[in-house]
Amino acid sequence: FSKVAERAMVAQRELLRLVDEDTRAFNAIMSAFGMPKEKEEEKKSRAEAIAAASKYAMEVPLRTARVALDVMEVCHEMVLSGNPNSISDAGVGVLCGRTAVLGAAMNVRINAGSIKDKQFAGRLLAEAGELEAKAQALEARVLAQISAQW
């Protein structure tokens, strides 16, 4: 269990870091929108800053979704090989992980609307959709495994 616990602790630290990173990404967008836009040069610099900040604001929640899916996999391992009296805790962890994946994917979608680089946005949207599907399938599998033990 110590290897599983280590993996969970790495994910916990990364998720906490990503909370702060998401705040920085949001602040970067707000700062970019606050840039001057009177002169043509200023408009160009502002547009470039908005584009860069918006891309970053898509990348951060996508990383969050990846880590949250990993948390779900850790919880699944605990359902399969952990203390049978604690599988409900692991099940709750899977439910929380799924919520995190789906919530992060929503943020990816919200931020995609302002991205002019449609190829970039499409690639990240596709991955977010894949992560959502994996999270939902894993949730269903884990909940069925838990129910089968009662």
Grab the two heavy atoms, one from Val79 and one from Gly91, that are nearest each other, plus how far apart they are. CG2-N, 4.4 Å
When you measure from the side chain of Asn107 to the backbone N and O of Pro61, does any donor-acceptor pair fall under 3.5 Å? no
Heavy-atom pair with the smallest gap, counting every atom of Asn85 and Asn83: N-OD1, 2.8 Å
Would you check, one step at a time, whether the test side chain to side chain contact (heavy atoms under 4.5 Å, CB included) holds for Arg123 with Met58? CA-CA 11 Å; Arg123 196 171 62 248; Met58 277 187 81; over 6 Å; no
Please tell me if the side chains of Gln136 and Leu102 come closer than 4.5 Å, counting only heavy atoms from C-beta onward. yes
Counting only N and O atoms by type, is there a donor-acceptor contact under 3.5 Å from the side chain of Lys37 to the main-chain atoms of Gly34? no
Please name all residues satisfying salt bridge (Lys or Arg N to Asp or Glu O under 4.0 Å) with Arg24, sequence neighbours left out, ordered by chain then number. Glu21
Is it true that, when you exclude Lys118 itself, more than 12 heavy atoms of the residues, nucleotides or ligands shown sit nearer than 6.0 Å to its NZ? yes
Is it true that a side-chain atom of Ser114 and a backbone atom of Asn111 form a donor plus acceptor pair closer than 3.5 Å? yes
Leu131 CG to Leu62 CG distance, which is reported to the nearest 0.5 Å: 6.0 Å
Begin from the C-alpha positions of Val142 and Ile146 and carry the test side chain to side chain contact (heavy atoms under 4.5 Å, CB included) through to its verdict. CA-CA 6 Å; Val142 170; Ile146 291 171; 3.8 Å; yes
Point-to-point distance, once rounded to the nearest 0.5 Å, from CZ of Arg66 to CD of Glu127: 4.0 Å
As an exercise, state the distance from CD1 of Ile29 to CZ of Phe33, rounded to the nearest 0.5 Å. 7.0 Å
Measure the CD-CG distance between Glu132 and Leu69 for me, rounded to the nearest 0.5 Å. 11.0 Å
If you take all heavy atoms of Ala135 and Met72, which pair is closest and at what distance? O-CE, 3.1 Å
Rounded at 0.5 Å granularity, tell me how far CD in Glu38 sits from NZ in Lys43. 8.0 Å
Under 4.0 Å between a side-chain nitrogen and a carboxylate oxygen: does that hold for Glu41 and Lys44? no
Do Val60 and Leu15 share a hydrophobic cluster (ILVMFWY, side-chain heavy atoms under 4.5 Å, transitive)? yes
Quick check for you: to the nearest 0.5 Å, what is the distance between Arg141 atom CZ and Gln145 atom CD? 7.0 Å
Quick one: do Val71 and Val101 satisfy side chain to side chain contact (heavy atoms under 4.5 Å, CB included)? Show the steps, please. CA-CA 10 Å; Val71 168; Val101 172; over 6 Å; no
Least distance between heavy atoms, Gln12 atom then Met9 atom: OE1-CE, 3.1 Å
